[in-house]
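Please see the structure below; I have some questions.
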Amino acid sequence: MPDAPLALRAVERRYRTEAGELPVLRGAELDLFAGEIVALVAPSGTGKSTLLHVAGLLEKPDAGRVLVEGRDSGGLSDDARTALRRDTIGFVYQFHHLLPEFTAEENVVLPQLAANRPRREAEARARELLATFGLADRGHHRPTRLSGGEQQRVAIARALANGPKVLLADEPTGNLDVGTADRVFAELLEAVRGRGVAALIATHNPELAARMDRTVTLRDGLIVPT
């Protein structure tokens, strides 16, 4: 059996505070398989964002291992971690974080240029992805001229631009109204499943969680099924 695109092994993460050391993750374990969409549902303050940051190689664990396609990220240099994250992992946040001075198409092109894809190929890929999300005629608009739902669609297209094996999303529709959130989430699920991406999506919405393949939560710093 091939390695899971993402695996966490006994991951610990602690923060130093004025009151002393604060343990957030206490041995978290998770296997995320290709084509699988997992909901991460947990109360605020339990460590969801920390888990996503560690899983996405944005933070280093204090103990344990983060394996990306079987490769232990722990011994990698900062440059190698950055390259692995760029080439393998896509991120979608509650707030789109699009660069306001660039058009929708340019926002999807930029991460591809960072991965050394030729500009012409990157532009074609950006147009293809934007069309997938119904934005074929919006590519030359800057974010301020797009609706909230359109901006988040661009952010999802950007996250998929480099063909990631893993997608991590932190409340990706939490900043949208109910109707728009439902449509954007349906498009996100379709795009992820169609590409065989392994996805971990944090959400407070039980209805959205029910549309995913399985649900886990954080309890006392551990990942447990629900």
_Under 3.5 Å: donor-acceptor pair, side chain of R195, backbone of A191_ = yes
_Under 3.5 Å: donor-acceptor pair, side chain of N162, backbone of D87_ = no
_side-chain hydrogen bond (donor to acceptor under 3.5 Å, both in side chains) partner of H53, the single match among K60, E59, K48_ = E59
*Lys/Arg-Asp/Glu bridge criterion (N-O < 4.0 Å) met for E12, R26*: no
_Keeping T203 on the side-chain end and A209 on the backbone end, is there a donor-acceptor pair under 3.5 Å?_
no
*Taking atom CD of E190 as the centre, does the number of heavy atoms from other residues, nucleotides or ligands within less than 6.0 Å exceed 12?*
no
*Taking atom CD of E21 and atom CZ of R14, what is their separation to the nearest 0.5 Å?*
5.0 Å
*Of all heavy-atom pairs between A202 and P172, which one has the smallest distance, and what is that distance?*
O-CD, 3.7 Å
*Could you tell me the separation between the CG atom of L98 and the CG atom of L146, rounded to the nearest 0.5 Å?*
8.0 Å
*Under 6.0 Å from the CZ atom of R219, do we count more than 12 heavy atoms belonging to anything else shown?*
no
*Can you tell me how far the OH atom of Y15 sits from the CG atom of L22, to the nearest 0.5 Å?*
9.0 Å
*When rounded to the nearest 0.5 angstrom, what distance separates CG in L113 from CG in N116?*
9.0 Å
*Between T226 (side chain) and T215 (backbone), is there a donor-acceptor pair under 3.5 Å?*
yes
*asked:* To the nearest 0.5 Å, what is the distance between CG on L51 and CG on L30?
replied: 7.0 Å
*What is the minimum heavy-atom distance between P143 and L99, and which atoms define it?*
CG-O, 3.8 Å
*Under the 3.5 angstrom rule, does the side chain of R81 hit a backbone N or O of L57 as a donor-acceptor pair?*
yes
_Between Q112 and V108 (side chain of the first, backbone of the second, donor and acceptor by atom type, cut-off under 3.5 Å), is there such a pair?_
yes
*Classify the ring geometry between Y93 and H97 as parallel (under 30°), tilted (30 to 60°) or perpendicular (over 60°).*
perpendicular
_Is it the case that the side chain of T88 and the backbone of L84 share a donor-acceptor pair, with hydrogens and angles ignored and the cut-off at 3.5 Å?_
yes
*Of the non-hydrogen atoms in A4 and D31, which two are nearest, and what is the gap between them?*
CB-OD1, 4.1 Å
*Closest heavy-atom pair and its distance - L67, D72*: CD2-CA, 3.4 Å
_Smallest separation among heavy atoms of P5 and A34, with atom names_ = CD-N, 3.6 Å
*Hey, which of L200, I37, L188 is the one that makes side chain to side chain contact (heavy atoms under 4.5 Å, CB included) with L167?*
L188
*Would you say the side-chain atoms of R13 pair up with the backbone N or O of P61, donor to acceptor, closer than 3.5 Å?*
no
*Any salt bridge between E150 and R138, counting N to O under 4.0 Å?*
yes
_Lys/Arg N to Asp/Glu carboxylate O, R211 vs E207, below 4.0 Å_ = no
*Do you know the tightest heavy-atom contact between L218 and L25?*
CD2-CD2, 4.0 Å
*Please determine if R214 and E36 form a salt bridge, counting it only when a charged side-chain N lies under 4.0 Å from a carboxylate O.*
yes
*asked:* Please report the interatomic distance CZ(F91) to CG(L58), rounded to the nearest 0.5 Å.
replied: 4.0 Å
